[in-house]
Amino acid sequence: MLKISKSTFPVALAALIVALPATVASAENGVSADKIVLGQAAALSGPAAELGQGMKVGLEAAFAEVNKAGGINGRKLELKSVDDGYEPTRSIGVVKTLLEEDKVFAIIGTVGTPTAAAIQPIATNAGAPMIGAFSGVEFLREPYKPLVMNVRASYYQETEAMVEHLTKDLGYTRIGIMYQDDAYGQAGLTGLKRALDKRNMKLFGEGTYERNTSAIKGALLAVRKAKPEAVVMISAYRPASEFIKIARQINFDPTFVNISFVGSDALARELGNAGGGVVVTQVVPFPLDTTIPVVASYQSSLKAVAPSEPPGFVSLEGYLVGRTLIAALDKIDGEPTRKALIESVQKASPLDLGGIKLSYSTTSNRGSSEVFLTVIQPDGSFKAVDRLSKAGM
């Protein structure tokens, strides 16, 4: 044991007092000498599992890519993913554990609107950034929340794009909706009504179903009664596929338009030969378009991490979220802190990921505003389109 004499004790004590604040101040949750730990609460089981799994593998692909190149100034990125089953109450417990016990640097790649509503205040109160939620809900964007960093376009932007194409490309005047009866569905409903109001149009048919179920028959009957030409679907993949398959069995065959959260690849698989002509709006580019540099990087990194995993819209979104974090960390001048992370993207805006640009400022955390159109083909594959046509559906 080190012995300090009475004569040297005051000097040693003073040195300790001076050094202690600097040590404490430099310590940021989730950051150590060799790594930065991120936390993800997502549906890794249950009816929405493919969404959480897709986001997870996309994040892992992005992290593996930067770690192979030496990490962020020598620090490797580590992802701690925990299943919340797409249930808000479970998500609250998961995020509290990630922040309070695991001491993660930030929450990243969460899945869902009701879960985001439950955990965003918790993350913000803890001073932790919430990055790239798999949700386009408006409350993550307005009013401005400096600790929230969105990557995807909003549901309002997606529903506006839907109505724009349905009315201009196809000349439709009767549009209905099937939606999940929670914050996610309400966000889509509000977005659709805004887009219709803008054009002095009214809603033709409205039906709901309960989250984490496929009980859609009541919704189907309510929507069919109004005889819409198109049905906007604010849903997860299983209830959406059930709705479409039964609708076609009873000769109710409007144009079905799904929002990106549906989980495109899972939806196409669930639909099988009933999927031809189903439209899905996307908030990421076509995952097979390697002419876009970031998509080419995604495919290479995905193959390295999960060789059997085919490229898809959800895992591409997870990858883009991971690349957004990496770009933000890379632009920090000095030690990585939560405050410096947010400031770095504001100063660097627009943030170019390689063909995809994200915009941030001291008054906006929106990231991307791009919405893309895709149509499921009879063989279950996807086709990227610039406009809708009745012949192509």
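Taking CG from Leu320 and CD from Glu317, the interatomic distance works out to 7.5 Å, rounded to the nearest 0.5 Å. Between the CG atom in Leu51 and the OG atom in Ser315 there is a gap of 11.5 Å [rounded to 0.5 Å]. Atom-to-atom distance recorded for Asn150:CG and Arg141:CZ is 4.0 Å, nearest 0.5 angstrom. Taking CD1 of Ile72 as the reference point, atom NZ of Lys331 lies at 11.0 Å (rounded to 0.5 Å). Here the CG-CD1 distance, from Leu189 to Ile234, works out to 8.5 Å after rounding to the nearest 0.5 Å. Taking CD1 from Ile244 and CG from Leu220, the interatomic distance works out to 10.5 Å, rounded to the nearest 0.5 Å.
Looking only at distances, no side-chain donor or acceptor of Tyr184 sits under 3.5 Å from a matching main-chain atom of Gly136. Between the side chain of Asp352 and the backbone N or O of Gly355 there is at least one donor-acceptor pair closer than 3.5 Å. Proximity of a side-chain donor or acceptor of Glu158 to a complementary backbone N or O of Ala153 within less than 3.5 Å is not detected. Panel note: side chain Gln377, backbone Val375; a donor-acceptor pair is recorded below 3.5 Å.
Closest heavy-atom contact between Tyr172 and Ala230: CD1-CB, 3.8 Å. Here the closest non-hydrogen pair linking Ala195 and Thr159 is CB-O, 4.0 Å. Pairing each heavy atom of Thr362 with each of Gln346, the nearest pair is CG2-OE1, 3.6 Å. Arg152 and Ser135 make their closest contact through CD-O, 3.2 Å (heavy atoms, listed as atom of the first residue, atom of the second, distance). Looking at every heavy atom in both residues, Phe204 comes nearest to Ala226 through C-CB, 3.5 Å. Between Ser359 and Pro350, the shortest heavy-atom contact is OG-CB, 4.1 Å.
Sorted by first then second residue, the ring pair (Phe, Tyr, Trp, His ring centres under 6.0 Å) pairs that include residues 351-375, not counting sequence neighbours, number zero. Residue pairs meeting the ring pair (Phe, Tyr, Trp, His ring centres under 6.0 Å) criterion with at least one partner in residues 85-130, sequence neighbours excluded, are Tyr86-Phe261.
Looking at Glu270 and Arg238, a side-chain N of the basic residue comes within less than 4.0 Å of a carboxylate O on the acidic one, giving a salt bridge. Salt bridge annotation for Lys168-Glu164: present, with a cationic side-chain nitrogen under 4.0 angstrom from a carboxylate oxygen. With respect to Lys217 and Glu242, no salt bridge is recorded, no charged nitrogen being found less than 4.0 Å from a carboxylate O.
Less than 6.0 angstrom separates the ring centroid of Phe382 from the ring centroid of Phe313.
Within a 6.0 Å radius of CG in Asn73, other residues, nucleotides and ligands contribute 12 heavy atoms or fewer. Atom NZ of Lys245 sits in a crowded spot, with more than 12 heavy atoms from other residues, nucleotides or ligands closer than 6.0 Å. In the displayed structure, Lys145 atom NZ is contacted under 6.0 Å by more than 12 heavy atoms of other residues, nucleotides or ligands. Around CG of Asp379, the count of heavy atoms belonging to other residues, nucleotides or ligands within 6.0 Å exceeds 12. For Arg194, the CZ atom sits in a loose shell: 12 or fewer heavy atoms of surrounding residues, nucleotides or ligands are nearer than 6.0 Å. Heavy-atom neighbours of Asp253 CG from other residues, nucleotides or ligands within 6.0 Å: above the threshold of 12.
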Review point. Given the rule in the side chain to side chain contact (heavy atoms under 4.5 Å, CB included) test, do Thr110 and Gln120 qualify, once you have shown the distances and angles that lead to the verdict?
Key: CA-CA 10 Å; Thr110 61; Gln120 179 270 319; over 6 Å; no
**Study point:** Residues Leu77, Leu329; criterion side chain to side chain contact (heavy atoms under 4.5 Å, CB included); working and verdict
**Key:** CA-CA 10 Å; Leu77 298 184; Leu329 287 170; 3.9 Å; yes
Practice item. Check the pair Lys339, Glu28 against salt bridge (Lys or Arg N to Asp or Glu O under 4.0 Å), reporting the backbone distance first and the verdict last. Key: CA-CA 10 Å; Lys339 182 173 182 289; Glu28 183 74 278; over 6 Å; no
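Partners of Glu87 according to the side-chain hydrogen bond (donor to acceptor under 3.5 Å, both in side chains) rule, which considers only residues two or more places apart in sequence or in another chain, are Arg211, Asn212. When the salt bridge (Lys or Arg N to Asp or Glu O under 4.0 Å) test is applied to Lys225, no partner is found at least two apart in sequence or on another chain. Here Glu142 pairs with Arg366 under the salt bridge (Lys or Arg N to Asp or Glu O under 4.0 Å) rule; sequence neighbours left out. With sequence neighbours left out, the side-chain contact (heavy atoms from CB on, under 4.5 Å) criterion links Ala240 to Met233, Ser235, Asn258, Val262, Leu267. Remark: Arg269 engages Glu50, Asp265, Ala266 in a side-chain contact (heavy atoms from CB on, under 4.5 Å) (not counting sequence neighbours). For the side-chain contact (heavy atoms from CB on, under 4.5 Å) test, residues two or more places apart in sequence or in another chain that qualify with Ser301 are Ala61, Glu65, Tyr319. The side-chain contact (heavy atoms from CB on, under 4.5 Å) search around Thr97 returns Glu101, Asp102, not counting sequence neighbours. Taking Asn125 as the reference, nothing meets the side-chain hydrogen bond (donor to acceptor under 3.5 Å, both in side chains) condition, with sequence neighbours excluded. Under the rule for a salt bridge (Lys or Arg N to Asp or Glu O under 4.0 Å), Lys193 has no partner lying at least two apart in sequence or in another chain.
Linking ILVMFWY residues whenever their side-chain heavy atoms come closer than 4.5 Å, directly or via other members, places Leu316 and Val385 in the same cluster. Hydrophobic clustering places Val295 together with Leu288 (ILVMFWY residues linked when any side-chain heavy atoms are closer than 4.5 Å, directly or through intermediates). When the side chains of ILVMFWY residues are joined at heavy-atom separations under 4.5 Å, either directly or via intervening members, Val371 and Leu353 end up in two distinct hydrophobic clusters. Hydrophobic clustering of Ile, Leu, Val, Met, Phe, Trp and Tyr side chains at less than 4.5 Å, counting indirect connections, unites Leu325 with Ile356. Under a hydrophobic clustering in which Ile, Leu, Val, Met, Phe, Trp and Tyr are joined whenever their side-chain heavy atoms come within less than 4.5 Å, directly or via other members, Val231 and Leu166 fall into the same cluster.
Side-chain contact between Leu373 and Thr281: present, with at least one pair of heavy atoms (C-beta onward) separated by less than 4.5 Å. Put simply, the side chain of Ile259 does not reach to within 4.5 Å of the side chain of Val232, judged on heavy atoms. Annotation: side chain of Asp181 is in contact with side chain of Glu210 (closest heavy-atom distance under 4.5 Å). Here the side chains of Met178 and Tyr209 are in contact, with some heavy-atom distance below 4.5 Å. Side chains of Val280 and Gln282 form a contact here, defined as non-hydrogen atoms less than 4.5 Å apart. Contact check for Ile175 versus Pro228: no side-chain heavy atoms found under the 4.5 Å cut-off.
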Under 3.5 Å donor-acceptor pairs involving side-chain atoms of residues 32-46, not counting sequence neighbours:
{"from": "Ser32", "atom 1": "OG", "to": "Asp34", "atom 2": "OD1", "distance (Å)": "3.1"}
{"from": "Ser32", "atom 1": "OG", "to": "Lys35", "atom 2": "N", "distance (Å)": "3.4"}
{"from": "Ser32", "atom 1": "OG", "to": "Lys35", "atom 2": "O", "distance (Å)": "3.4"}
{"from": "Lys35", "atom 1": "NZ", "to": "Glu78", "atom 2": "OE1", "distance (Å)": "3.3"}
{"from": "Gln40", "atom 1": "OE1", "to": "Ser81", "atom 2": "OG", "distance (Å)": "2.7"}
{"from": "Gln40", "atom 1": "NE2", "to": "Gly109", "atom 2": "O", "distance (Å)": "3.0"}
{"from": "Ser45", "atom 1": "OG", "to": "Asp83", "atom 2": "OD2", "distance (Å)": "2.5"}

